[in-house]
Amino acid sequence: MQIDMHYYGTYAMAAAAGIPRDDAEIVAHASQYVDDQDHEELRSVRTVNGDTCEAVIGIATAHSPYDISADVGLMKSVINKLTRHPMNSTADDSRLVWVPFHFLPGGGNGKYLERIMCKRDSQIAQEMIDHHIKQKDEKFNLQLLGIAAHVYADTFSHFGFSGTTSSLNQVEKDTISLDGHTSSKMQEMLWNVSERIKTGFANNSGLGHGGVDTLPDMPFLKWEFEHALGYVDKRDNTVNFLEACRRLHDHFTCFANEKGYSTPRISFDEIASTVENILCYEGDNYERSDQWKVAMKNGHLGPVELCKDYNSRSWTEELIGAMENRNATSITSSSAYLFHTAAEYHRHYVLKRLLPAHQVIVA
């Protein structure tokens, strides 16, 4: 999924479920920030004599599977993207980033590569978000809920693929086909020459859903392909995304009840047709985001007020400002610091507690 769903759609579902606007914006920002926080650099403020002020190390929740550039060899680029250390390191960021934040394993009784595949609305995914909702008294509870919302929503688009390099992520490229109602303009955008080249490499490498590029993330698409396991996977993204919205609304309602919010709310059934119309809109992620904003502005989502636009730099800049002022209270209260705290909490819970409880050992 992309910013239209992870930020604007998530905000709309949170606000519709009765989470106050300011809190809903934090939840939505954290959800989208999962796709934007791609570094683990040390941030600190030092005095002239070498004294180090409070330091914060970011928790990476995103990175690109490939980076084709003129000055870096392709294979070296891929390896560097998947490892946090030099070329000879065995550290695999896909297990620390993709698995807990984007391709939550669904478990089950199959072979290992099947058990680590993401599954739509799996028991593991439900346990994850239910557990995070119960952390309502933690200072980072809103950021944690946003991270959970991102991971949970992604199970409705990333299912059938895993976050580690796997032969089961490969697809028969010649079997990929888009629904005949998809406009020629959109087909050209999705399948131009550079996309085919990139998709071909990603498919051969077996990384995530690279073999089908961004097709799982387009809410309006109907498409199909032959899966590595041998079956034909026919997908209606609108149906899957609509169910994701419904289930997010359910979970946000539980959180609102846990917190005791008295904010006006609306049932999902009352806005389902509006949400479906938004998801059916054919356009890029910015155009699709605008559909959510128009619906909010025109009151088509009930009590949901128009949210502020997403700014990927705002939380980082807030943290940097607090550190420059050498104010520990401001640092630990900043949204970015709380996000990193929540991300570390989530990663440890998923990799060291939740997955092992389901006999899935990833990292």
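- In this structure, Asn109 places its CG atom where only 12 or fewer heavy-atom neighbours from other residues, nucleotides or ligands lie under 6.0 Å away.
- The backbone N or O of Arg288 sits nowhere less than 3.5 Å from a side-chain atom of Lys293 that would complete a donor-acceptor pair.
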### Task
Determine, stepwise, if the pair Ser273 / Glu276 fulfils side chain to side chain donor-acceptor pair (under 3.5 Å).
CA-CA 5 Å; Ser273 61; Glu276 184 174 10; over 6 Å; no
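- None of His131, His132, His340 except one satisfies the ring pair (Phe, Tyr, Trp, His ring centres under 6.0 Å) rule with His346; the exception is His132.
- Going from atom OG1 of Thr253 over to atom OH of Tyr261 covers 12.5 Å, rounded to the nearest 0.5 Å.
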### Message
Please evaluate residues Arg313 and Asp36 with respect to the criterion salt bridge (Lys or Arg N to Asp or Glu O under 4.0 Å), reporting the C-alpha separation (whole Å), side-chain torsions for both, the decisive distance (0.1 Å), and the verdict.
### Response
CA-CA 9 Å; Arg313 289 286 304 168; Asp36 297 325; over 6 Å; no
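- Side-chain polar atoms of Asn169 and Ser162 form a donor-acceptor pair below 3.5 angstrom.
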Kindly list each side-chain donor-acceptor pair under 3.5 angstrom involving residues 226-233, sequence neighbours excluded, with atom names and distances?
| from | atom 1 | to | atom 2 | distance (Å) |
| --- | --- | --- | --- | --- |
| His227 | ND1 | Leu229 | N | 3.0 |
| His227 | NE2 | Gly160 | O | 2.8 |
| Asp233 | OD1 | Arg235 | NE | 3.3 |
| Asp233 | OD2 | Arg235 | NE | 3.1 |
| Asp233 | OD2 | Arg235 | NH2 | 3.1 |

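- Distance alone, capped at 3.5 Å, is enough to place a donor-acceptor pair between the Thr238 side chain and the Pro219 backbone.
- Going from atom CZ of Phe255 over to atom CG of Asp23 covers 7.0 Å, rounded to the nearest 0.5 Å.
- Looking at Ser167 and Gln170, their side chains never bring a donor and an acceptor atom within 3.5 Å of each other.
- Counting non-hydrogen atoms of other residues, nucleotides and ligands closer than 6.0 Å to OH of Tyr337 gives a total of 12 or fewer.
- A continuous path of hydrophobic side-chain contacts links Ile129 to Ile124 [ILVMFWY only; heavy atoms under 4.5 Å].
- No side-chain donor-acceptor contact under 3.5 Å links Tyr112 and Thr164.
- Closest approach of Gly107 to Lys119, counting heavy atoms only: O-NZ, 2.7 Å.
- Linking ILVMFWY side-chain heavy atoms closer than 4.5 Å, directly or via other members, places Leu178 and Val171 in a single hydrophobic cluster.
- When only modelled atom types and interatomic distance are considered, Asp236 and Trp223 share no side-chain donor-acceptor pair under 3.5 Å.
- Ile3 is connected to Leu306 through a chain of hydrophobic side-chain contacts under 4.5 Å among Ile, Leu, Val, Met, Phe, Trp and Tyr, so both are in one cluster.
- Residues Ala153 and His6 share a closest heavy-atom pair of CB-CE1, 4.2 Å.
- A cation-pi contact links Arg120 to Phe159, judged by a cut-off of 6.0 Å to the six-membered ring centre and 45° from its axis.
- Clustering ILVMFWY residues whenever any of their side-chain heavy atoms sit less than 4.5 angstrom apart, transitively, puts Leu221 in the very cluster that holds Val212.
- When all heavy atoms of Ile147 and Val34 are compared, the pair lying nearest together is CG1-CG2, 4.0 Å.
- Side-chain atoms of Glu127 and His358 include a donor-acceptor pair closer than 3.5 Å.
- A pairwise comparison of heavy atoms in Cys118 and Asp154 identifies SG-O, 4.4 Å as the closest pair.
- More than 12 non-hydrogen atoms from other residues, nucleotides or ligands lie less than 6.0 angstrom from CG of Asn298.
- Residues Asp290 and Tyr8 have side chains that never bring a donor and an acceptor to within less than 3.5 angstrom of each other.
- The environment of Lys139 atom NZ is dense: over 12 non-hydrogen atoms of other residues, nucleotides or ligands sit within 6.0 angstrom.
- Note that OG of Ser31 and CD1 of Ile26 are 13.5 Å apart. Values are rounded to the nearest 0.5 Å.
- Interatomic distance, Asp250 CG to Met13 CE, rounded to the nearest 0.5 Å: 11.0 Å.
- In summary, the aromatic rings of Phe140 and Phe339 are positioned with their centroids too far apart to meet the 6.0 Å limit.
- Here the side chain of Gln32 pairs no donor or acceptor atom with the backbone of His29 at under 3.5 angstrom.
- Atoms NE2 and OG1, on His102 and Thr61 in that order, are 5.5 Å from each other to the nearest 0.5 Å.
- Checking Arg115 against Gln359 by side-chain atom types alone, no donor-acceptor pair falls below 3.5 Å.
- Crowding of Glu344 atom CD: a count of heavy atoms from other residues, nucleotides or ligands under 6.0 Å not exceeding 12.
- Every salt bridge (Lys or Arg N to Asp or Glu O under 4.0 Å) that Glu305 has, sequence neighbours left out, goes to Arg21.
- Within the model, atoms NE2 of His150 and CG of Leu104 stand 11.5 Å from one another, a figure rounded to the nearest 0.5 Å.
- Summarising the geometry of Met1 relative to His158, their closest heavy-atom pair is N-NE2, 3.9 Å, with the distance given to 0.1 Å.
- Using modelled atom types, one finds no donor on one side chain facing an acceptor on the other under 3.5 Å when comparing Tyr7 with Asp35.
- A donor-acceptor contact closer than 3.5 angstrom links the side chains of Tyr152 and Asp121.
- Counting only N and O atoms by type, the side chains of Tyr281 and Asp4 include no donor and acceptor under 3.5 Å apart.
- Counting all heavy atoms, side chain and backbone alike, Pro356 lies closest to Val350 at CD-O, 4.0 Å.
- Clustering ILVMFWY residues whenever any of their side-chain heavy atoms sit less than 4.5 angstrom apart, transitively, puts Leu338 in a cluster other than the one holding Ile331.
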